[in-house]
Amino acid sequence: MWLILYLRALFAFYKFILLKELKYINKYFSKYKWRILIGLLITILSKLLALKVPQIVGDSLNVVEDYQDGVIKDIAIVKDELLFNVLIIIGVALLSGFFTFLMRQTIIVTSRLIEFDLKNEIYQQYQRLSLNFYKKNRTGDLMNRISEDVSKVRMYVGPAIMYSMNMIVLFAVGFTQMISIDVKLTLYTLIPFPLLSISIFVLSKVIHKRSTIVQQYLSKLTTFNQEFFSGINVVKSYGIEKLIISDFDEIANESKEKNINLHKANALFGPLMILLIGISNLLVIYIGGQQYINGEIQIGTIIEFMLYVNILTWPVAVVGWVTSMVQQAEASQLRINEFLKQVPEIQNNNTDTSTINGNIDFKNVTFIYDDTNITALKDISFSVKSGETMAILGKTGSGKSTIIELIARLYDIDNGKILLDKTNINQVNLNDLRSQIGFVPQDPFLFSDTISNNIKFGKEDATEDEITTAAKNADVHKNIIDFPKGYDTILGERGVTLSGGQKQRVSIARAIIKKPKILIFDDCLSAVDTETEEKILSNLERISKNITTFIISHRVSSAKNADKIIVLDDGKITQQGTHNQLITEEGYYKELYDQQLLEKEI
Ligand code: ADP
Ligand code: MG
């Protein structure tokens, strides 16, 4: 009776925790329902077969006993019976093994399929979310969600469900068989079982807690090493290897302690199980022995019970383990759900395709970064016509990059208006807008791939001709063909390291190959010398007749040919005009001009 109660309580507990976050996974269960159903059927079959063995062994022993007691007189019958039983045991074991294999093949494979789907779902959400989300969350956390958390949920989908099913079948069938043979013996034998599952549950929680800590230390170590390896230049040139080593030692030592702690808990797992099986076996022998002496049961029954105990131990231990696994999966799914529920800040409000000409108007735009509360732009107004070039100058932190980010609609504004071809920018099809912007960021990012692929990133179907033309216009073609592998040179970690100026020029080639309507250079000419700058700018003038171009710079030389120049200071426009106007006016531009003229003469 208490056993049924115990199972009931267990189910209530499962239901209680399943209902909340992990409900999200149910849609996948129904997607793969046939696989899962077949898996469960196979599980039942394999366990039914496994439970046959103790019965046959018991029967065999009873036959021998009957012969000794003279109940059976003919030895030939005994021999036939034993041979027959041996063959059945072999057959059953083989079949049961085969079904167990199939069970893993169906259920575990399904869990991998669901894992794959879930990862894709999360990945798509990553693509949808806006820049702000990435600034607010740490990369490590984001990576964890797609790897650690999903794998915890997979444990629930696969092993947890498989073992639960295992346990239910083994228990239902095993228990019935045992009860039908001997009620008293059954009850005594099963006394330690609830104890077993509870203690495994507690132990699993401890193990989980400790292994989380071990994980944290592992990522600490990795981060430390990553930084050390990427900063190896600094470490070597400052001669601080000893310091780094002692820091590393400290983390490594702590990590070791935590690992030892974890394995202390892990080491308890086996002995605990053996102890409790042992107690059960003792009870079978003691109680069964008394019953045998009283003539209530045969010797085979004792052996049969001992075999049952051994078969049932694992599923009972698993109850505790599975419960803790489901709890972890629930916590992970909670994190995943929170993340999937996030609505991207920047919404596409218009799905009609629109042609973009590149007329841009800022009308009294004020912008505050909501994470830092910094007012980056204050009452900015300007207007650029399609095909014009505008230069933006100003000290670092004056808001230049912010203007650019707003043109690409990486953020939405609360005050003022940004118009693109007379339409409010948030009503322009976002995909069209982004596809018509060629952006060269302040610190260019190149992928660990070939140079040609890095340029093609701006235009998937670019021909070789287009790639070289873009590279020539960015004045980087000559550098590229100097590499032994030319455009097929691999960049990045295991490839060639480009200089800052070369990187920027590859990045420029990437932007112009796209033939965008709006071209943006965010301070990207700063790392090239004035001569190269001049070349790129004159190429640009040639190819950007119909392109609205923004050039952010610290140098007057980049700005002087622009149709319009604005000077920013602390988020405000302080000067506005053409080169010729601004050099006659007292202010930042003239100061910069005089200073750079002087430098040139020297
Ligand atoms: P510039 O490009 O002229 O150097 P920015 O536009 O990058 O200037 O920055 C303008 C101001 O906004 C600075 O005070 C900077 O600290 C702040 N800022 C820039 N980017 C962010 C951001 N993502 N979150 C919060 N504050 C920012
Ligand atoms: Mg900037």
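Keep in mind that this is a model prediction, so the values were computed, not measured. For ligands, and for the atoms within them, numbers begin at 1 and follow the listed sequence.
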Any N or O of Thr396 that comes nearer than 3.5 Å to an N or O of ligand 1?
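So ligand 1 has no N or O lying under 3.5 Å from an N or O of Thr396.
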Is Gln442 in polar range of ligand 1, meaning some N or O pair under 3.5 Å apart?
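Min N/O separation from ligand 1 is not below 3.5 Å for Gln442.
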Relative to ligand 1, is Asp371 under 4.0 angstrom through side chain, backbone, both or neither, heavy atoms considered?
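It is the side chain that touches ligand 1; the backbone stays farther off.
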Would you mind checking if [Y] and [X] are paired as a salt bridge, meaning a charged N to carboxylate O distance below 4.0 Å?
X: Asp570; Y: Lys395; answer: no
X: Asp594; Y: Lys590; answer: yes
X: Arg112; Y: Glu115; answer: yes
X: Glu121; Y: Lys27; answer: yes
X: Lys572; Y: Asp569; answer: no

Give me the nearest non-hydrogen protein atom to [atom] as residue plus atom name, then the distance to 0.1 Å.
atom: atom 19 (C) of ligand 1; result: Tyr369 CE1, 3.4 Å
atom: atom 2 (O) of ligand 1; result: Ser401 OG, 2.7 Å
atom: atom 1 (P) of ligand 1; result: Gly397 N, 3.4 Å
atom: atom 8 (O) of ligand 1; result: Gly399 N, 3.2 Å
atom: atom 15 (C) of ligand 1; result: Ile374 CD1, 4.4 Å
atom: atom 23 (N) of ligand 1; result: Lys135 NZ, 3.0 Å

Do Lys220 and Tyr217 form a cation-pi contact, if we require the NZ or CZ to be under 6.0 Å from the six-membered ring centre and within 45 degrees of the ring's axis?
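Here Lys220 passes the 6.0 Å and 45° test against Tyr217.
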Check whether the ring centres of Phe521 and Phe439 lie less than 6.0 Å apart, and answer yes or no.
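Centroid distance Phe521-Phe439: not below 6.0 Å, so no.
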Glu345: side-chain hydrogen bond (donor to acceptor under 3.5 Å, both in side chains) partners, not counting sequence neighbours:
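Residues passing side-chain hydrogen bond (donor to acceptor under 3.5 Å, both in side chains) with Glu345: Asn132.
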Judged by modelled atom types alone, do Asn349 and Asn426 share a side-chain donor-acceptor pair under 3.5 Å?
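The answer is no; no qualifying pair exists.
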Report whether any nitrogen, oxygen or sulfur of Thr396 sits less than 2.8 Å from the Mg ion (ligand 2) (N, O or S, backbone or side chain).
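No.
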Counting backbone and side-chain atoms alike, is an N, O or S atom of Ser401 positioned under 2.8 Å from the Mg ion (ligand 2)?
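Under 2.8 Å: Ser401 contacts the Mg ion (ligand 2) through an N, O or S atom.
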Close-contact set for ligand 1 against [X] heavy atoms, below 4.0 Å:
X: Tyr411; value: 23 (N)
X: Thr402; value: 5 (P), 6 (O), 9 (O), 10 (C)
X: Lys395; value: 3 (O)
X: Thr372; value: 25 (C), 26 (N)

Please confirm whether Glu405 approaches ligand 1 to less than 4.0 Å, judged on its heavy atoms.
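Flag not set, Glu405 not near ligand 1.
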What pairs of residues pass the salt bridge (charged side-chain N to carboxylate O under 4.0 Å, His left out) test when at least one of them lies in residues 349-370, not counting sequence neighbours?
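Found Asp361-Lys422.
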